[in-house]
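Each remark here refers to the structure printed beneath this line.
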There are 2 protein chains.
Amino acid sequence: MTHQREVILEELKRLRTHPTADELYEIVKKRLPRISLATVYRNLEQLSAAGIIQKLDFVGRQMRYDGDISKHSHIRCVECGSVADVRINPIQGIDQAVIDACGYKVLDYHLDFLGLCPICLLKKHRDN
Amino acid sequence: MTHQREVILEELKRLRTHPTADELYEIVKKRLPRISLATVYRNLEQLSAAGIIQKLDFVGRQMRYDGDISKHSHIRCVECGSVADVRINPIQGIDQAVIDACGYKVLDYHLDFLGLCPICLLKKHRDN
DNA sequence: TCTTAATTAAGAATTTTTCTCAAGTCAAGA
DNA sequence: TCTTGACTTGAGAAAAATTCTTAATTAAGA
Ligand SMILES: [Mn+2]
Ligand SMILES: [Mn+2]
Ligand SMILES: [Zn+2]
Ligand SMILES: [Zn+2]
(Lines give C-alpha, C1' and ligand atoms only; values in the text may rest on other atoms or scores of the structure.)
(Ligands and ions follow the chains in the order given, each with its own letter.)
Protein backbone atom coordinates (compact mmCIF):
# COMPACT_ATOMS: atom_id res chain seq x y z
CA MET A 1 0.00 0.00 0.00
CA THR A 2 1.75 3.13 -1.24
CA HIS A 3 1.23 6.51 0.35
CA GLN A 4 -0.66 7.72 -2.76
CA ARG A 5 -3.04 4.78 -2.62
CA GLU A 6 -3.59 5.31 1.07
CA VAL A 7 -4.51 8.97 0.65
CA ILE A 8 -6.83 8.25 -2.30
CA LEU A 9 -8.66 5.60 -0.31
CA GLU A 10 -8.84 7.73 2.81
CA GLU A 11 -10.31 10.74 1.00
CA LEU A 12 -12.82 8.62 -0.93
CA LYS A 13 -14.01 6.94 2.26
CA ARG A 14 -14.44 10.30 3.91
CA LEU A 15 -16.65 11.69 1.10
CA ARG A 16 -20.37 10.99 0.78
CA THR A 17 -20.55 12.52 -2.70
CA HIS A 18 -19.60 9.72 -5.15
CA PRO A 19 -16.89 11.78 -6.83
CA THR A 20 -15.53 11.38 -10.33
CA ALA A 21 -11.83 10.55 -10.74
CA ASP A 22 -10.90 14.15 -11.40
CA GLU A 23 -12.97 15.52 -8.53
CA LEU A 24 -11.07 13.16 -6.26
CA TYR A 25 -7.81 14.14 -7.96
CA GLU A 26 -8.42 17.79 -7.04
CA ILE A 27 -9.07 16.82 -3.42
CA VAL A 28 -6.08 14.50 -3.13
CA LYS A 29 -3.84 17.15 -4.72
CA LYS A 30 -4.26 19.29 -1.62
CA ARG A 31 -2.40 16.64 0.36
CA LEU A 32 -0.13 15.37 -2.43
CA PRO A 33 0.49 18.28 -4.82
CA ARG A 34 2.77 16.20 -7.13
CA ILE A 35 0.30 13.33 -7.72
CA SER A 36 -0.80 12.69 -11.29
CA LEU A 37 -4.31 12.04 -12.56
CA ALA A 38 -3.21 8.71 -14.03
CA THR A 39 -2.18 7.56 -10.54
CA VAL A 40 -5.66 8.37 -9.26
CA TYR A 41 -7.30 6.40 -12.09
CA ARG A 42 -4.85 3.53 -11.64
CA ASN A 43 -5.47 3.23 -7.92
CA LEU A 44 -9.24 3.61 -8.15
CA GLU A 45 -9.18 0.80 -10.71
CA GLN A 46 -7.05 -1.39 -8.44
CA LEU A 47 -9.06 -0.68 -5.32
CA SER A 48 -12.33 -1.49 -7.05
CA ALA A 49 -10.88 -4.65 -8.60
CA ALA A 50 -9.87 -5.66 -5.07
CA GLY A 51 -13.40 -4.97 -3.82
CA ILE A 52 -12.28 -2.25 -1.44
CA ILE A 53 -14.31 0.45 -3.20
CA GLN A 54 -17.11 0.52 -5.80
CA LYS A 55 -17.08 1.88 -9.30
CA LEU A 56 -20.44 3.32 -10.31
CA ASP A 57 -21.27 3.53 -13.98
CA PHE A 58 -24.91 4.35 -13.52
CA VAL A 59 -24.89 8.00 -14.32
CA GLY A 60 -23.92 9.14 -17.78
CA ARG A 61 -20.54 8.81 -19.39
CA GLN A 62 -18.32 9.61 -16.43
CA MET A 63 -17.41 7.01 -13.83
CA ARG A 64 -18.05 7.74 -10.19
CA TYR A 65 -16.53 6.05 -7.18
CA ASP A 66 -18.01 5.06 -3.84
CA GLY A 67 -16.07 4.21 -0.70
CA ASP A 68 -19.13 2.41 0.64
CA ILE A 69 -19.14 -1.14 -0.74
CA SER A 70 -22.40 -2.24 0.83
CA LYS A 71 -25.14 -3.08 -1.70
CA HIS A 72 -27.27 0.00 -2.18
CA SER A 73 -29.00 2.08 -4.83
CA HIS A 74 -28.52 5.70 -5.86
CA ILE A 75 -30.81 8.51 -6.88
CA ARG A 76 -29.79 11.52 -8.91
CA CYS A 77 -31.65 14.82 -8.78
CA VAL A 78 -32.60 15.86 -12.33
CA GLU A 79 -32.46 19.54 -11.31
CA CYS A 80 -29.20 19.92 -9.41
CA GLY A 81 -27.39 16.66 -10.19
CA SER A 82 -26.89 15.65 -6.57
CA VAL A 83 -26.50 11.91 -5.93
CA ALA A 84 -27.80 10.24 -2.76
CA ASP A 85 -27.68 6.74 -1.37
CA VAL A 86 -30.94 4.79 -1.27
CA ARG A 87 -31.14 1.84 1.08
CA ILE A 88 -34.11 -0.34 0.22
CA ASN A 89 -34.77 -4.02 0.64
CA PRO A 90 -33.71 -6.39 -2.15
CA ILE A 91 -36.48 -7.19 -4.60
CA GLN A 92 -38.18 -10.51 -3.92
CA GLY A 93 -38.13 -13.31 -6.50
CA ILE A 94 -36.47 -11.17 -9.15
CA ASP A 95 -34.08 -13.89 -10.36
CA GLN A 96 -36.90 -16.25 -11.22
CA ALA A 97 -38.92 -13.47 -12.87
CA VAL A 98 -35.97 -12.68 -15.14
CA ILE A 99 -35.31 -16.31 -16.04
CA ASP A 100 -38.99 -16.63 -16.96
CA ALA A 101 -38.93 -13.41 -18.99
CA CYS A 102 -35.80 -13.94 -21.06
CA GLY A 103 -33.88 -17.09 -20.09
CA TYR A 104 -30.84 -15.31 -18.66
CA LYS A 105 -29.46 -16.22 -15.24
CA VAL A 106 -29.14 -13.15 -13.01
CA LEU A 107 -25.79 -12.52 -11.33
CA ASP A 108 -26.38 -8.96 -10.18
CA TYR A 109 -28.69 -6.05 -10.68
CA HIS A 110 -28.69 -2.30 -10.40
CA LEU A 111 -31.75 -0.35 -9.41
CA ASP A 112 -31.09 3.35 -9.82
CA PHE A 113 -33.37 6.32 -9.65
CA LEU A 114 -33.93 9.73 -11.14
CA GLY A 115 -35.87 12.25 -9.14
CA LEU A 116 -35.95 15.47 -7.20
CA CYS A 117 -33.99 16.13 -4.04
CA PRO A 118 -35.84 17.69 -1.08
CA ILE A 119 -34.40 21.14 -1.84
CA CYS A 120 -35.34 21.18 -5.52
CA LEU A 121 -38.74 19.73 -4.66
CA LEU A 122 -39.37 22.66 -2.30
CA LYS A 123 -38.23 25.16 -4.97
CA LYS A 124 -40.69 23.62 -7.45
CA HIS A 125 -43.54 23.95 -4.98
CA ARG A 126 -42.74 27.58 -4.27
CA ASP A 127 -42.56 28.39 -8.00
CA ASN A 128 -46.06 26.98 -8.61
CA MET B 1 -37.69 14.81 -41.64
CA THR B 2 -34.59 14.34 -43.74
CA HIS B 3 -33.84 11.16 -45.62
CA GLN B 4 -30.87 10.48 -43.34
CA ARG B 5 -33.03 10.75 -40.22
CA GLU B 6 -35.64 8.49 -41.74
CA VAL B 7 -33.13 5.75 -42.57
CA ILE B 8 -31.48 5.95 -39.12
CA LEU B 9 -34.86 5.60 -37.41
CA GLU B 10 -35.97 2.81 -39.72
CA GLU B 11 -32.84 0.73 -39.17
CA LEU B 12 -32.87 1.24 -35.40
CA LYS B 13 -36.52 0.18 -35.17
CA ARG B 14 -35.76 -2.93 -37.21
CA LEU B 15 -32.92 -4.03 -34.90
CA ARG B 16 -33.40 -5.90 -31.63
CA THR B 17 -29.76 -5.48 -30.61
CA HIS B 18 -29.53 -2.07 -28.88
CA PRO B 19 -26.68 -0.87 -31.10
CA THR B 20 -24.10 1.76 -30.29
CA ALA B 21 -23.94 4.86 -32.52
CA ASP B 22 -21.10 3.48 -34.57
CA GLU B 23 -22.68 0.04 -34.97
CA LEU B 24 -25.75 1.78 -36.36
CA TYR B 25 -23.51 3.99 -38.49
CA GLU B 26 -22.02 0.90 -40.14
CA ILE B 27 -25.51 -0.45 -40.87
CA VAL B 28 -26.90 2.82 -42.19
CA LYS B 29 -23.81 3.28 -44.37
CA LYS B 30 -24.94 0.33 -46.48
CA ARG B 31 -27.94 2.38 -47.57
CA LEU B 32 -26.34 5.85 -47.42
CA PRO B 33 -22.65 5.42 -48.14
CA ARG B 34 -21.95 9.17 -47.85
CA ILE B 35 -23.47 9.63 -44.36
CA SER B 36 -21.19 10.82 -41.58
CA LEU B 37 -20.91 9.50 -38.04
CA ALA B 38 -21.73 12.94 -36.64
CA THR B 39 -25.06 12.85 -38.48
CA VAL B 40 -25.89 9.56 -36.82
CA TYR B 41 -25.05 10.94 -33.37
CA ARG B 42 -26.96 14.17 -34.06
CA ASN B 43 -30.10 12.38 -35.17
CA LEU B 44 -30.04 9.78 -32.40
CA GLU B 45 -29.80 12.68 -29.97
CA GLN B 46 -32.73 14.48 -31.59
CA LEU B 47 -34.90 11.39 -31.87
CA SER B 48 -34.37 10.50 -28.23
CA ALA B 49 -34.99 14.09 -27.11
CA ALA B 50 -38.26 13.88 -29.05
CA GLY B 51 -39.14 10.63 -27.29
CA ILE B 52 -39.17 8.61 -30.52
CA ILE B 53 -36.34 6.35 -29.44
CA GLN B 54 -34.53 5.57 -26.16
CA LYS B 55 -30.97 6.26 -25.19
CA LEU B 56 -29.58 3.60 -22.86
CA ASP B 57 -26.66 4.54 -20.66
CA PHE B 58 -26.78 1.44 -18.55
CA VAL B 59 -23.70 -0.38 -19.75
CA GLY B 60 -20.29 1.20 -19.44
CA ARG B 61 -19.22 4.39 -21.11
CA GLN B 62 -20.74 3.83 -24.53
CA MET B 63 -24.33 4.82 -25.22
CA ARG B 64 -26.71 2.36 -26.77
CA TYR B 65 -29.96 3.10 -28.53
CA ASP B 66 -33.29 1.31 -28.51
CA GLY B 67 -36.07 1.78 -31.06
CA ASP B 68 -38.51 0.31 -28.53
CA ILE B 69 -39.68 3.10 -26.23
CA SER B 70 -41.90 0.96 -24.01
CA LYS B 71 -40.71 0.76 -20.39
CA HIS B 72 -38.57 -2.34 -19.99
CA SER B 73 -35.36 -3.57 -18.42
CA HIS B 74 -32.22 -5.00 -19.97
CA ILE B 75 -29.80 -7.74 -19.08
CA ARG B 76 -26.24 -8.02 -20.32
CA CYS B 77 -24.35 -11.30 -20.48
CA VAL B 78 -21.05 -10.92 -18.64
CA GLU B 79 -19.45 -13.54 -20.91
CA CYS B 80 -20.45 -12.54 -24.44
CA GLY B 81 -21.81 -9.02 -23.94
CA SER B 82 -25.20 -9.72 -25.51
CA VAL B 83 -28.04 -7.47 -24.36
CA ALA B 84 -31.62 -8.72 -24.06
CA ASP B 85 -34.92 -7.13 -23.16
CA VAL B 86 -36.48 -8.10 -19.83
CA ARG B 87 -40.17 -7.45 -19.42
CA ILE B 88 -41.12 -7.64 -15.77
CA ASN B 89 -43.85 -5.98 -13.77
CA PRO B 90 -43.16 -2.59 -12.22
CA ILE B 91 -41.98 -2.76 -8.64
CA GLN B 92 -44.77 -2.12 -6.13
CA GLY B 93 -44.58 0.82 -3.74
CA ILE B 94 -41.08 1.77 -4.78
CA ASP B 95 -41.72 5.53 -4.80
CA GLN B 96 -42.79 5.54 -1.17
CA ALA B 97 -39.90 3.30 -0.15
CA VAL B 98 -37.44 5.75 -1.72
CA ILE B 99 -39.05 8.84 -0.17
CA ASP B 100 -38.83 7.09 3.21
CA ALA B 101 -35.22 6.08 2.65
CA CYS B 102 -33.73 9.35 1.41
CA GLY B 103 -36.38 12.07 0.96
CA TYR B 104 -36.08 12.29 -2.84
CA LYS B 105 -39.18 12.14 -5.03
CA VAL B 106 -38.87 9.44 -7.69
CA LEU B 107 -39.51 10.43 -11.31
CA ASP B 108 -38.11 7.35 -13.00
CA TYR B 109 -36.04 4.30 -12.32
CA HIS B 110 -33.84 1.87 -14.15
CA LEU B 111 -33.58 -1.75 -13.16
CA ASP B 112 -30.85 -3.42 -15.15
CA PHE B 113 -29.26 -6.80 -14.84
CA LEU B 114 -25.97 -8.57 -15.30
CA GLY B 115 -26.03 -12.28 -15.91
CA LEU B 116 -25.44 -15.19 -18.25
CA CYS B 117 -27.30 -15.76 -21.49
CA PRO B 118 -28.67 -19.26 -22.15
CA ILE B 119 -25.80 -20.09 -24.52
CA CYS B 120 -23.03 -19.03 -22.13
CA LEU B 121 -24.84 -20.75 -19.28
CA LEU B 122 -24.78 -24.01 -21.22
CA LYS B 123 -21.08 -23.57 -22.02
CA LYS B 124 -20.32 -23.08 -18.31
CA HIS B 125 -22.17 -26.26 -17.42
CA ARG B 126 -20.33 -28.29 -20.04
CA ASP B 127 -16.95 -26.96 -18.84
CA ASN B 128 -17.61 -28.07 -15.24
C1' DT C 1 -40.55 29.43 -57.34
C1' DC C 2 -38.29 31.88 -53.76
C1' DT C 3 -36.83 32.32 -49.04
C1' DT C 4 -35.03 30.86 -45.00
C1' DA C 5 -34.39 27.81 -41.40
C1' DA C 6 -32.72 23.34 -40.68
C1' DT C 7 -29.49 19.92 -41.78
C1' DT C 8 -25.58 17.86 -43.88
C1' DA C 9 -20.47 15.89 -44.54
C1' DA C 10 -16.02 16.28 -43.07
C1' DG C 11 -12.88 16.91 -40.04
C1' DA C 12 -11.26 19.36 -35.85
C1' DA C 13 -11.86 19.61 -31.06
C1' DT C 14 -13.21 18.01 -26.46
C1' DT C 15 -13.74 14.91 -22.83
C1' DT C 16 -12.72 10.93 -20.32
C1' DT C 17 -9.88 7.15 -19.64
C1' DT C 18 -5.94 4.17 -20.55
C1' DC C 19 -1.31 3.35 -21.99
C1' DT C 20 3.82 3.92 -22.28
C1' DC C 21 8.05 4.51 -20.34
C1' DA C 22 11.91 6.12 -17.81
C1' DA C 23 12.71 6.88 -13.12
C1' DG C 24 11.83 5.99 -8.10
C1' DT C 25 10.90 2.93 -3.98
C1' DC C 26 11.53 -0.78 -1.20
C1' DA C 27 12.20 -5.40 0.63
C1' DA C 28 14.92 -9.79 0.32
C1' DG C 29 18.96 -12.00 -0.34
C1' DA C 30 24.00 -12.27 -1.58
C1' DT D 1 26.46 -2.90 1.90
C1' DC D 2 25.22 -3.83 -2.80
C1' DT D 3 22.20 -6.02 -6.22
C1' DT D 4 18.14 -7.59 -8.00
C1' DG D 5 13.38 -7.62 -9.11
C1' DA D 6 8.66 -6.45 -8.39
C1' DC D 7 5.88 -2.76 -8.11
C1' DT D 8 4.65 1.96 -8.52
C1' DT D 9 5.00 6.66 -9.89
C1' DG D 10 4.61 11.23 -12.80
C1' DA D 11 4.37 13.01 -17.23
C1' DG D 12 2.71 13.06 -21.35
C1' DA D 13 1.03 10.57 -25.44
C1' DA D 14 -2.66 7.90 -27.16
C1' DA D 15 -7.19 6.02 -27.56
C1' DA D 16 -12.14 6.04 -27.54
C1' DA D 17 -16.46 8.30 -27.59
C1' DT D 18 -18.89 12.23 -28.46
C1' DT D 19 -19.65 17.05 -29.72
C1' DC D 20 -18.59 21.14 -32.24
C1' DT D 21 -17.50 24.11 -36.42
C1' DT D 22 -18.02 25.40 -41.10
C1' DA D 23 -19.46 26.03 -45.65
C1' DA D 24 -22.55 23.81 -48.65
C1' DT D 25 -27.00 21.54 -49.40
C1' DT D 26 -31.73 20.49 -48.61
C1' DA D 27 -36.43 20.69 -46.81
C1' DA D 28 -40.60 23.18 -46.04
C1' DG D 29 -43.51 26.83 -46.34
C1' DA D 30 -45.21 31.39 -48.32
MN1 LIG E 1 -23.32 5.23 -2.41
MN1 LIG F 1 -34.75 -2.88 -25.27
ZN1 LIG G 1 -31.78 18.87 -6.44
ZN1 LIG H 1 -23.54 -14.89 -23.32
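Below, chains carry the letters A, B, ... as their sequence lines are ordered, and counting in each starts from 1.
The local environment of NZ in A:Lys71 is crowded, with over 12 non-hydrogen atoms from other residues, nucleotides or ligands closer than 6.0 Å. The 12-atom threshold is not exceeded at CD1 of A:Ile119, counting heavy atoms of other residues, nucleotides or ligands nearer than 6.0 Å.
Neither OP1 nor OP2 of D:dC7 sits under 4.0 Å from any side-chain N or O of A:Gln46.
As rounded to whole Å, 10 Å separates atom C1' of D:dA11 from atom OH of A:Tyr25.
Between B:Glu45 and B:Arg42 no salt bridge is recorded (no basic side-chain N to carboxylate O distance below 4.0 Å). Ion pairing between B:Glu11 and B:Arg31 holds under the 4.0 Å rule for side-chain N and carboxylate O.
Heavy-atom minimum distance, A:His72 versus A:Asp68: CE1-O, 3.4 Å. In terms of heavy-atom proximity, A:Lys13 sits nearest to A:Gly67 at NZ-O, 3.1 Å. Scanning all heavy atoms of the two residues, the minimum distance from A:Ile52 to A:Ile69 falls at O-CG2, 3.4 Å.
In the region residues 29-37 of chain B, proximity to DNA chain C at under 4.0 angstrom, judged on heavy atoms, holds for B:Arg34, B:Ile35, B:Ser36.
When each of B:Tyr41 and B:His3 is assigned the nucleotide of DNA chain D bearing its nearest heavy atom, the one mapping closer to the 5' terminus is B:Tyr41.
Looking only at side-chain heavy atoms (C-beta outward), B:Val106 and B:Ile99 stay at 4.5 Å or farther from each other.
Among the atoms of the strands shown, base atoms are found under 4.0 Å from some heavy atom of A:Arg42. Using a 4.0 Å heavy-atom cutoff across all strands shown, B:Asp22 reaches no nucleic acid atom at all.
First and last contacting nucleotides of DNA chain C toward chain B (any atom under 4.0 angstrom from a heavy atom, 5' to 3' order): C:dT7 to C:dG11.
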